[in-house]
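Following: one structure in C-alpha cells, then a few remarks.
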Protein chains: 2
Amino acid sequence: MAHRVINFYAGPAGLPLPALERAQEELLDFAGSGMSVMEISHRAKEYDAVHEEALALTRELLNLPANYKVLMLQGGAHLQFGMIPLNLLRGGRKADYILTGNWAEKAYKEAKLVGGENVRVAATTKELKFNRLPFASEIKVGEDAAFVHFTSNNTVEGTQWHEFPQVGGKPYVCDMSSDLMWRPFDVAPFGLIYAGAQKNLGPSGVVLTIIREDFLEMCEAQDLPSYLRFKIHVEKNSLYNTPPCFGIYILRNVLAYNKSLGGLAAIEANNRKKGELLYGCIDRHAGFYKGYVAEKAHRSLMNVDFFLPTEELTAAFVGEAKKNGMVGLKGYRDIGGIRVSTYNAVTVDNVKTLVDFMEAFVKKNG
Amino acid sequence: MAHRVINFYAGPAGLPLPALERAQEELLDFAGSGMSVMEISHRAKEYDAVHEEALALTRELLNLPANYKVLMLQGGAHLQFGMIPLNLLRGGRKADYILTGNWAEKAYKEAKLVGGENVRVAATTKELKFNRLPFASEIKVGEDAAFVHFTSNNTVEGTQWHEFPQVGGKPYVCDMSSDLMWRPFDVAPFGLIYAGAQKNLGPSGVVLTIIREDFLEMCEAQDLPSYLRFKIHVEKNSLYNTPPCFGIYILRNVLAYNKSLGGLAAIEANNRKKGELLYGCIDRHAGFYKGYVAEKAHRSLMNVDFFLPTEELTAAFVGEAKKNGMVGLKGYRDIGGIRVSTYNAVTVDNVKTLVDFMEAFVKKNG
C-alpha cells in the first residue's frame, strides 16, 4: 500500500485513488498496446477510444443537449479568459462581468485587454473584500450585453453561487474551474462554460470548454491564429493539434469513476454531507473558528475559509494537521487563515477525520 | 515485466523506459509526499523542485548562455505558431519563412494571419513535394527581416537541416519540435527556439520555448491576453498560471535520463549509428526500398521515409512488423509508404531489430 495523505489542496488537488491506480497499473502497457498512453499517436485507435469516452462521459454526466459542443483544450482557464473575448466580442459586441473574487477579476481584466470599453462590470463586492456575492438588486446588466460572465465558485474567498445570478435572461458565460460536476445543473441558460481540470476533474494541462451552437456562430475571428479559434477546435473534435493525451486520459478515468459512484446526484449528496460536517463544526465553535464568508447562503461547498484567534494557533493548526496526515490547509496568501478545499475527490470520511481534529484542537486551545 | 513493443510512432512517440518506470513507481506517492505529482499545488516545494530541475536540465543539456530564457508552456507548437508573430511582429516588423514541409507551411500560414504582407517566403521546395531542402542559392532573405523562421527537422517528409540555412546573418526562429536535443548545437544564431515535447522530449501538452533577451525585448504586445505574452511567462518563470505539472515532471524524467546517458554528445553518437544502420539497409536494397528524400545530405536522422514496390507489400510490411512487435511504421497520410521515426528513445538495438526484419523481408519478397 502506498503512503497517502488526506489532500485539502485548492488545486492542483487530490484525485480519486481508483483513477490513479488505474493509471499506475497500465502506465507501461496501455490497453494491451505495449505502450504508455503517453507514447501513442493521437490518431491511433487506442487513444481515440479514450478521447471519445472522455467527451461522452462529460456529455452524459452533465446531461448536455445536442446543441452543446465539448472541447478539451490547453492553456487552462487563463487562456480561456482571452479566447472568450477574442472569439465572442467581435463587431462591437458587449459583455458584463460579475466580480466576486480574485479569479472573476482576472477574467474581467483579460477580457478588457481585448474588448476595452465593451467589457463592463455588472456588479462587484470588492469593497467587502468579496466576502459575499452580490445580491440580485446589486447586479446591473446592460440591455445590449451579449452575455454575462460570472465565476460559479470563488476558490480564494470561499463563496459559491448555489442559485445562479439574476441577469435579466441574458446568456451566461461561466468559469466553473473549481466546481464543474459538483452537482447536476441545467445548462440551458449557459452560452459557454469553461473549467480548468486541476481542481475537480483531473490534472492541470486540460481545460474543458462547453459551447452552445448559437455562441459558436458568434465566433467570427478568422484572422486569429487557429489555436485560438473555438470553431476550429469544434470542427476537429479537439484534435486540431496534438491534445494533452495523458491529461485527457486521467480526466476519462476520473469521469468514469464519477459515473461508477452514481453520477452527479450521488456526488452532490456527498458534497452536501461534507459541507454540513465542516460548517457544522465551525458554527458550533463560532468563537474560535470564524468563517470568512458573511452570508451563510453564499458559503462554498468546495472551499471553506476560516480563521483561528491568532497567527500562532493558525500555524499550530496547519502543523498538527500535517502530523495527522492532512495537507493543503494553509489559506490563500491574500486572505490568510485556513482554507479547506473539499472537491469531489475528498471523501466524507476525510472530512470526518478533519472535523474530529478540529474538535480536539478547539478543546485543547479554545 | 510489462509487455512492451518497439515504438516507431512519429509523435506522440516512445519515451525512455526508465523515465516511465520512475513515474509508475511514484504515481501514488511522489517524493514521500503521500500524493501524486498531479495532486500537488504548483506552488508546493515538492513540485517546485521538479519545475526547477526541468529548467536547469534544459539549460545544462543545451549549454544555454545566460541571455536565453527557457519557458514551459501549453498549446503545443501550434500555439507558438501564433504567439511568435503576435509578440514579435508588432510595429510593422517583417519576417521570412523557409518552407520545407507540412509543418513549416503551417507555421507560415499562421504567421501570415497575424502579420499579413510582413510575413514572406524566403524559399520553398513545395514544387518538389518537399523531397529536399532548399539549396543556399535558393534562399532569399530581405534586408529588413527581423528573423528567418525554419523547421529544423521535417517529420512528414524526412528531411533535416544538418547544417542550418544560410540567411545572411539574420537571427533564426526555429521549430525544433521533432529534433531538439538529438545532438549538441550552438544556439548563438537563434533568437527563439520552440519544441512541442511529444516527439523527442516528453508527453504532449508541454512545449519548450527558448528566447534570447534581445528577442524578449522585441515583445511589446501589452494589449494581448496575458497567456499569449512571452514576457509574462518569463517574469513568472512559467508559473504565471498552473503549468502542465505532470507533463513537466515526465520531461524532467526524460532529461535526467538523457544526462545519465552522457548528455547530447552521447545521444548524437547513438542517433548517427541508428541512421547508418537504417539508411545502410535502404541503400543496399535501393531497388526494393526507395527513399523519399532526393538529397542524401538532407536525410533526416529522426524520420526515415521510404516506399516499397507496391501497396500490397507496404501493407504486408506494416502487418508483419506489428506481429514482430514493431508499431507506428505507416507513412504519413499525404506521403504514404513507410515512415520510421527514430527519436532519442528508440535504441540502437531497436533499429537493429528493424533492419534484421527489413533484410528478411527483402529476401522473401524482393
Side-chain angles (χ1 to χ4, degrees), chain A residues 2-5 7 9-15 17 20-21 23-24 27-29 32-36 38-42 44 74-79 81-83 85-86 110 113-114 196 198 202-206 223-228 240-247 250 325 327-328, chain B residues 2-5 7 9-15 17 20-21 23-24 27-29 32-36 38-42 44 74-79 81-83 85-86 110 113-114 196 198 202-206 223-228 240-247 250 325 327-328:
Chain A
H3 159 63
R4 296 278 294 170
V5 294
N7 184 340
Y9 270 125
L15 295 167
L17 186 58
L20 290 175
E21 286 173 333
Q24 186 179 41
L27 198 76
L28 304 183
D29 178 14
S33 66
M35 295 174 276
S36 173
M38 285 176 262
E39 301 178 294
I40 300 180
S41 168
H42 58 296
Q74 298 182 57
H78 273 91
L79 187 53
F81 293 164
M83 282 174 66
L86 285 170
E110 293 292 316
L113 284 170
V114 175
Q198 69 270 19
S204 62
V206 186
D223 55 344
L224 277 183
S226 303
Y227 193 86
L228 300 178
Y240 164 65
N241 65 334
T242 316
C245 301
F246 188 78
I250 296 287
V327 304
Chain B
H3 159 63
R4 295 277 293 170
V5 294
N7 185 340
Y9 270 125
L15 294 168
L17 186 57
L20 290 174
E21 286 173 332
Q24 186 178 41
L27 198 75
L28 304 183
D29 178 13
S33 66
M35 295 174 277
S36 173
M38 285 177 261
E39 300 179 294
I40 300 181
S41 168
H42 58 296
Q74 298 182 57
H78 273 90
L79 187 52
F81 293 163
M83 281 173 68
L86 285 170
E110 293 291 317
L113 284 170
V114 175
Q198 69 269 18
S204 61
V206 186
D223 55 343
L224 277 183
S226 303
Y227 193 86
L228 300 177
Y240 164 66
N241 66 334
T242 315
C245 301
F246 189 78
I250 296 287
V327 304

Okay, Asn241(A) and chain B: the region with an atom under 4.5 Å from a heavy atom over there is both
Does any heavy atom of chain A fall under 4.5 Å from the side chain of Leu86(B), the backbone, both, or neither of them? side chain
Point-to-point distance, once rounded to the nearest 0.5 Å, from CD1 of Ile250(A) to OG of Ser204(A): 11.5 Å
Winner by heavy-atom pair count (cut-off under 4.5 Å) against chain B, out of Gly14(A), Pro203(A), Gly76(A): Gly14(A)
Who wins among Ala2(B), Pro244(B), Gly82(B), Ala13(B) for the most heavy-atom pairs under 4.5 Å with chain A? Ala13(B)
Is the side chain of Asn7(B) donor-acceptor paired with the backbone N or O of Gly328(B) at a distance under 3.5 Å, no angle test? no
Which of Gly11(B), Gly75(B), Gly205(B) touches chain A most, by non-hydrogen pairs under 4.5 Å: Gly75(B)
Work out which heavy atom in Leu228(A) is nearest to a heavy atom in Met83(A); give both atom names and the distance. O-CE, 3.5 Å
Per-residue tally against chain A (heavy atom, under 4.5 Å) across Arg4(B), Glu110(B), Met38(B) peaks at Arg4(B)
Heavy-atom distances under 4.5 Å only: say whether Tyr9(B) touches chain A with side chain, backbone, both or neither. side chain
Please report the closest heavy-atom contact between Pro225(B) and Leu113(A), naming both atoms and the distance. CA-CD1, 4.1 Å
Taking the side chain as C-beta and beyond, is there a heavy-atom pair between Cys245(A) and Ile40(A) under 4.5 Å? no
Parallel, tilted or perpendicular, judged at 30° and 60°: which one describes the rings of Phe246(B) and Phe246(A)? parallel
Residue, of Leu20(B), Val114(B), Asp223(B), that accumulates the most heavy atom pairs under 4.5 Å with chain A: Leu20(B)
Picking from Val5(B), Asp29(B), Leu28(B), which has the most non-hydrogen pairs under 4.5 angstrom with chain A? Leu28(B)
Which bit of Pro85(B) is near chain A, if near means a heavy-atom gap under 4.5 Å: side chain, backbone, both or neither? neither
Turns out that what part of Ala23(A) lies under 4.5 Å from chain B's heavy atoms comes down to both
Nearest heavy atoms of Ser36(B) and Leu27(B), plus distance in Å: CB-O, 2.9 Å
Show the nearest heavy-atom pair for residues Thr242(B) and Gln74(B), with the distance to one decimal. O-NE2, 3.4 Å
Turns out that what part of Ala77(B) lies under 4.5 Å from chain A's heavy atoms comes down to neither
From the list Met35(A), Glu21(A), His78(A), the residue making the most non-hydrogen contacts under 4.5 Å with chain B is His78(A)
Straight-line distance of Ser33(A) OG to His3(B) NE2, nearest 0.5 Å: 7.0 Å
Measuring heavy-atom distances to chain A, does Gln24(B) have an atom under 4.5 Å in its side chain, in its backbone, in both, or in neither? both
